[in-house]
Amino acid sequence: MSRRKSIVAISAALILTFTLCSILVPTSGVSLTGKEYGGAVRETFLGLSRVFWTISDGVLGWLALFSLPSSDHLAWVRSAFQRSAFPGDEIQCIFPLPSNLLTDRPVQRDNPDFQKAAESLRQHFSARTSQADIDSLAIAVVTPAGVVFEEGYGVLKANDTSGKQYAVDGHSIYRIASVTKVFTVFETLLLRERGLLDFDDPVEKYVPEFSPPSLSYGWSDYLSDRSKEHTGHTAGLGRDYPLIDLPKWPTEEGWPPPSPIRNTTFKNVLGSINRFPSVNLPYLYPIYSNAGFDMLGLANVGANLKAGKHRRLGSQPKTHKELVKRDIFDAFGLNSSFYRVPEDEELRAHIAIPAQNSDWADSVLGDVDDAAGGQYSSLSDLAKFMHLILSPNPPKDYAFLPSLVREWLRPLHIWPDGTEAVGAPWEIEYPHLPPWYQKQTGLPIYWKLGNMPGYHSLFGLNPEYGYGIVILVTGKYGDTRALGRQALHILQPAFRKVLEDQVREAYLGEWEVASGGKLDGHSSRGLVIWATGRGKARR
């Protein structure tokens with residue numbers, strides 16, 4: 001008991017000491033006229049406080065072993081220090097800056113801070129792609145101003161280096177695998193905006209053959225009686241249908257196998273969905289499902305056909321690839337995107353091919369599986385599509401796009417640890433990386449990754465800072481998320497600096513309420529707002 005009292009007394013003394021320091025030392029800041037004050041001494045005490053808490057964190061861990069003050073008590077002590085030690089400077093909770101500034105006034109290619117980051121990015125990927133696990137890599141950074149960085153590395157056709165070939169650049173075309181799903185969802189959103197479908201519509205409204213088993217039908221039922229027919233409507237589809245038998249596991253073959261092996265015809269995919277039990281309950285938690293996107297693609301086509309027939313619009317697209325070509329590729333000028341290798345020799349010459357798994361360069365997934373991962377796109381096409389998402393100025397006849405994007409960039413399911421979420425079809429991260437967020441943690445990054453043998457892709461958005469990253473890779477190395485994080489580490493400080501400069505330019509100064517009214521009981525005339533330089537404002 002005496003030992004506990006001693007610890008409490010020491011903690012109280014330390015809190016009192018730092019509180020007195022904060023009272024005696026003027027709080028530093030920057031007035032809206034730009035004058036800094038009290039910074040040097042205060043920063044010294046801030047440094048001491050960080051040292052204090054670094055040591056205390058280790059000590060508190062040992063105290064827990066001796067059943068001394070509980071973690072709740074210690075958390076209260078720490079929060080009390082943060083509230084009292086430096087009024088106006090909440091160490092853990094920093095007021096967010098108005099990030100919409102970088103939408104209306106985006107970072108430009110010639111910005112000096114960005115140019116420094118771009119050079120670091122160039123050097124980083126030049127060194128990374130010199131390693132043997134990457135055949136080629138194309139990267140673009142996009143803002144609402146357009147493409148601000150574009151580079152290509154490696155060999156475009158790594159399976160044949162004997163002849164002349166194009167450099168890796170914005171015209172290089174890659175299989176984008178599951179990044180295709182971004183376009184499938186965008187097609188769904190466009191059809192909804194035109195009133196052709198609704199998110200709550202049952203699938204069988206547009207695909208009458210869709211008839212999966214009821215939720216009560218489990219795998220034990222399936223194994224005990226394979227001949228019985230079952231009907232019902234549910235979500236929770238498995239990853240890939242139809243199922244295939246593997247002679248051994250783990251397999252050494254590329255995964256997923258090409259369409260001829262999987263036999264992803266309409267009949268076989270729907271037959272498998274209608275035959276096998278669901279693998280999950282509706283709305284319980286997300287399960288990655290290519291079959292689910294197969295069905296979304298079929299539903300899009302069915303909804304468009306049904307509306308075309310009802311409105312007597314004449315001939316309509318009958319496959320996913322035809323529908324996306326009409327509504328997205330042709331509509332927005334994505335001239336190097338397709339689902340089948342074209343006859344055009346110029347386009348064929350720009351297709352990247354890996355040294356290994358080169359047969360995947362022209363493997364056909366099929367009309368049903370196209371919606372899940374069959375698309376080819378150039379770096380420039382993906383950058384153009386990303387600009388469409390980021391820009392506040394939509395093309396003619398698409399005035400609804402900014403509000404649609406705000407709706408689209410939202411989580412549909414947040415995992416329990418709070419660091420990741422799932423969107424449609426986003427893989428959302430809330431990274432906690434204090435050095436480059438400058439204490440602003442939990443910023444959402446919207447990724448979509450794609451992988452198939454030899455091809456690896458990333459389509460990533462940082463909407464709070466108004467930019468995105470596209471990375472396309474051929475080779476054995478497939479962790480494009482790691483590559484995207486590396487790019488983010490390099491870029492984010494520059495974007496943060498540009499945003500801070502814009503905030504100073506937009507809001508720094510002396511403000512006066514012309515009406516001469518009252519604000520919080522005080523005269524507002526001659527009102528000066530002071531900013532600490534950390535996003536906190538005070539009169």
Side-chain angles (χ1 to χ4, degrees), residues 22-23 25-47 49-50 82-83 85-118 141 143-145 148 390-393 433-444 462-467 490-539:
S22 69
I23 295 172
V25 179
T27 302
S28 93
V30 180
S31 73
L32 290 185
T33 58
K35 182 179 179 181
E36 298 185 3
Y37 59 96
V41 179
R42 180 172 174 279
E43 286 301 318
T44 300
F45 279 96
L46 277 173
S49 72
R50 294 186 184 104
Q82 291 171 348
R83 288 195 301 270
F86 298 105
D89 182 16
E90 287 74 21
I91 294 175
Q92 296 295 322
C93 182
I94 304 301
F95 191 80
L97 296 176
S99 55
N100 61 308
L101 285 177
L102 292 184
T103 298
D104 297 321
R105 300 167 61 186
V107 174
Q108 303 285 339
R109 185 189 291 264
D110 60 356
N111 178 277
D113 294 304
F114 176 76
Q115 285 184 336
K116 292 178 183 177
V141 179
T143 75
V148 294
L390 292 171
S391 176
N393 304 308
L433 303 169
W436 55 270
Y437 280 133
Q438 299 189 16
K439 298 180 184 178
Q440 181 179 343
T441 60
L443 195 67
N462 186 345
E464 295 298 318
Y465 280 83
Y467 72 96
I490 294 170
L491 293 168
Q492 184 63 20
F495 279 85
R496 175 75 184 188
K497 174 66 165 52
V498 174
L499 178 58
E500 289 177 348
D501 290 345
Q502 289 194 13
V503 169
R504 291 189 184 95
E505 181 183 347
Y507 300 110
L508 215 65
E510 187 171 301
W511 298 81
E512 180 177 312
V513 179
S515 64
K518 298 287 184 179
L519 182 64
D520 292 341
H522 301 282
S523 173
S524 60
R525 187 169 182 77
L527 176 69
V528 176
I529 298 178
W530 302 92
T532 66
R534 298 173 182 270
K536 179 88 173 177
R538 63 168 83 102
R539 289 197 307 277

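None of the values given here were measured: they were computed from a predicted structure.
- What you find for Leu102 and Phe495 is that their closest heavy atoms are CD1-O, 3.9 Å.
- Contacts of Gln108 classified as side-chain contact (heavy atoms from CB on, under 4.5 Å), with partners at least two apart in sequence or in another chain: Pro106, Asp110, Ala145.
- Closest approach of Thr143 to Val107, counting heavy atoms only: OG1-O, 3.1 Å.
- In this structure Asn393 satisfies the side-chain contact (heavy atoms from CB on, under 4.5 Å) test together with Ser391, sequence neighbours excluded.
- Here the NZ atom belonging to Lys116 is positioned 10.0 Å from the CG atom belonging to Asn111, to the nearest 0.5 angstrom.
- At distances below 3.5 Å, not a single donor-acceptor pair connects side-chain atoms of Thr103 with backbone N or O atoms of Gly466.
- At least one side-chain heavy atom of Phe114 sits under 4.5 Å from a side-chain heavy atom of Val148.
- When the side-chain hydrogen bond (donor to acceptor under 3.5 Å, both in side chains) test is applied to Arg109, no partner is found at least two apart in sequence or on another chain.
- Using a 3.5 Å distance cut-off with no hydrogens or angles, the side chains of Gln492 and Tyr467 do pair a donor with an acceptor.
- Partners of Glu505 under the side-chain hydrogen bond (donor to acceptor under 3.5 Å, both in side chains) rule, at least two apart in sequence or in another chain, are Arg105.
- Residues forming a salt bridge (Lys or Arg N to Asp or Glu O under 4.0 Å) with Asp113 (at least two apart in sequence, or on another chain): Lys497.
- Residues Leu101 and Leu499 meet the side-chain proximity criterion, which asks for heavy atoms closer than 4.5 Å.
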